[in-house]
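In the text below, chain A, chain B and the rest are named by the order of the sequence lines, each starting its count at 1.
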Number of protein chains: 2
Amino acid sequence: MATRSRRPDRRQEPLSRERIVEAAVELLDSVGESGLTFRALADRLATGPGAIYWHIAGKAELLTAATDAVVAAAVRPAEPGGAPGDGVRTVALGLFDAVEEHPWLAAQLAAQLSRSPWGTVAPRIFESIGREVRALGVPEAGWFTATSALMHYILGAAGQNAANTASAAAPGAGMDRAEFLDAVSTAWEGLDPDAYPFTRAVAEQVRGHDDREQFLDGIALVLAGIAALHPPVAQQAVTVVR
Amino acid sequence: MATRSRRPDRRQEPLSRERIVEAAVELLDSVGESGLTFRALADRLATGPGAIYWHIAGKAELLTAATDAVVAAAVRPAEPGGAPGDGVRTVALGLFDAVEEHPWLAAQLAAQLSRSPWGTVAPRIFESIGREVRALGVPEAGWFTATSALMHYILGAAGQNAANTASAAAPGAGMDRAEFLDAVSTAWEGLDPDAYPFTRAVAEQVRGHDDREQFLDGIALVLAGIAALHPPVAQQAVTVVR
DNA sequence: GGAGTTGCTGGAACGCCGTTCCAGGAGCGC
DNA sequence: GCGCTCCTGGAACGGCGTTCCAGCAACTCC
């Protein structure tokens, strides 16, 4: 009959792990990490908390599953061909955009990588970056170091940038992005000159920079390091120099 | 008279923000993040929760203060002199060791950097790394990118390594470090060959590697990228091989 | 086709958390 | 002595993750 308030509310199909995770992601996106409670989730799914526990072991598993779902959608495989490094940039921007779209993702990724690096999330990201590293012609001995360096830079920088975006758009503080960066820059300029000379000197660069561009600059830096330390060997006819 | 159960219990000196933060760090170190509650903290300080709130606004501020205190102790200034890059390594290892000593630190750092990069923690780390970057002779235009890349790598890699250490020593799982790495390596080797060829290929390197060495390899990689992209302007007469 | 079983549901209840409130004590100027 | 400020700590509140369990479809077996 009358369409319900929010969402189609198709509540004939039974509860399932996928539907729960999907609802959890929506809740995280709309009300943030603290808004994801089993009660709110149960309301949105028109059920009770107990029913959810039949499908999901607890909150930790719920957050892991939500993170994994979003990451799986984000690391779309790069199409073959293109300049060396294009594949890395594609994967990196995929994660960058995902973190920007889901502001809760950065903290979750960091928490999960630094708590259980053997879950499903870490290998997924590691694999998609690693393939591009291999495609660059890096010799096998350098795979782990190069991929780790890229992964940590990508996740760290994307997370910090998402924080900027989110804070600028924060409810209450009617700031746009430029105003927000200006505020940060001004705050840094106000630091103690003796204790923070470097940060003060960099403050000006923060004002009005382009996030995406700066993010890619960092990628280029790490790629340059990879190229310098691991001179690409020919794809076939592999020889390890050094 | 009789000495109390835990700690000297010197409870004549009044409550203070420092004493609270100190107790919070001890609690975090001994029972982990979930063990830090206002009730437990009040017990340890032989007071009630209300008294703590007179000095600290809430849990978020408590965690921020604890993180800041540990970071401040960790980023000891590097002594001048030494080969180019030594300063960076000193700062990096300081943070690496701090994260290893305080396993909760990695998640806190990530959360705080990706939530409010304008707090006191971020500038502190940024500053100490940045000074070393400047000392490398990087031109000013490259300061922000180079320092960010280093910072993200350092925090990410240190956090992941701390997770390994902590998991290996986890209560219940009577594993030592080698066993733990072996378990991770084996798990990775068991991944789907079609979906995870790269991760499987790297699994062998994970077994029995040296953390500190691998961490420094990553630093060297980023430093090489900095040297390649930002050829140092002459400090006195710095030349970079390549 | 009835009875038993299984798989799932959702509301009630438990214990703990962060946080607030407030009666009161210690120290101090007057 | 008195009032005032600063600080204390216990009690209480609302909300959280989690557990428990009575109930109910659907399906199986006889």
(request) Indicate whether any N or O donor in one side chain lies under 3.5 Å from an N or O acceptor in the other, for Glu100(B) and Thr165(B). (result) yes
(message) Distance check needed: dC7(D) P versus Ile20(B) CD1, whole Å only.
(response) 11 Å
(message) Please confirm whether the ring centroid of Phe126(A) lies under 6.0 Å from the ring centroid of Trp188(B).
(response) yes
(message) Quick check against the 3.5 Å criterion: does Thr47(B) have a side-chain atom that pairs as donor or acceptor with the backbone of Asp43(B)?
(response) no
(message) Does anything in residues 190-205 of chain B form a side-chain hydrogen bond (donor to acceptor under 3.5 Å, both in side chains)? List the pairs, not counting sequence neighbours.
(response) Glu127(A)-Thr199(B)
(request) Just compare dC17(C), dT19(C), dT18(D) and give me whichever is closest to any side-chain atom of Thr37(B). (result) dC17(C)
(request) Please report, rounded to the nearest Å, how far the P atom of dG10(C) is from the CG atom of Asp43(A). (result) 12 Å
(request) Provide, to the nearest angstrom, the distance between the CD1 atom belonging to Ile56(A) and the C1' atom belonging to dC8(C). (result) 15 Å
(request) Could you tell me the separation between the CH2 atom of Trp54(B) and the P atom of dG25(C), rounded to a whole number of Å? (result) 18 Å
(request) Round to a whole Å and report the spacing from OH of Tyr53(A) to C1' of dG10(C). (result) 14 Å
(message) Tell me whether the count of non-hydrogen atoms from other residues, nucleotides or ligands lying under 6.0 Å of CZ in Arg131(A) goes above 12.
(response) yes
(message) Applying salt bridge (Lys or Arg N to Asp or Glu O under 4.0 Å) to Arg17(B) and Glu22(B), what does each step give before you reach the verdict?
(response) CA-CA 9 Å; Arg17(B) 192 183 155 94; Glu22(B) 183 192 340; over 6 Å; no
(request) Would you indicate which nucleotide in dG18(C), dT20(C), dT18(D) comes nearest to any side-chain atom of Pro49(B)? (result) dT20(C)
(request) Specify the separation, in whole Å, of atom CG of Leu15(B) and atom P of dC6(D). (result) 17 Å
Enumerate, atom names and distances included, each donor-acceptor pair closer than 3.5 Å involving a side-chain atom of residues 145-157 of chain A, sequence neighbours excluded.
unit_1, atom_1, unit_2, atom_2, d
Thr147(A), OG1, Trp143(A), O, 2.8
Ser148(A), OG, Phe144(A), O, 2.9
Tyr153(A), OH, Phe215(A), O, 3.3

(request) Remember a base hit wins even if backbone is also touched, and classify Leu62(B) as base, sugar-phosphate or nothing at under 4.0 Å, heavy atoms. (result) nothing
(request) Would you mind classifying the nucleic acid contact of Leu41(B) as base, sugar-phosphate or nothing, using non-hydrogen atoms under 4.0 angstrom? (result) nothing
(request) State which of dC17(C), dG9(D), dA13(C) makes the closest approach to the side chain of Thr47(B). (result) dG9(D)
(message) Once hydrogens and angles are ignored, does a donor-acceptor distance under 3.5 Å link the base of dG17(D) to the side chain of Arg39(A)?
(response) yes
(request) Report the end-to-end axis angle of the helix from dG1(C)-dC30(D) to dC30(C)-dG1(D); each axis comes from five terminal pairs, and the value is rounded to 10°. (result) 10°
(request) Calculate the interatomic distance between His55(A) atom NE2 and dT19(D) atom C1'; express it in whole Å. (result) 16 Å
(request) Please report, rounded to the nearest Å, how far the C1' atom of dT19(C) is from the NZ atom of Lys59(B). (result) 12 Å
(request) Assign each of Ser16(B) and Gly50(A) to its nearest nucleotide of DNA chain D by heavy atoms, then name whichever residue's nucleotide is nearer the 5' end. (result) Ser16(B)
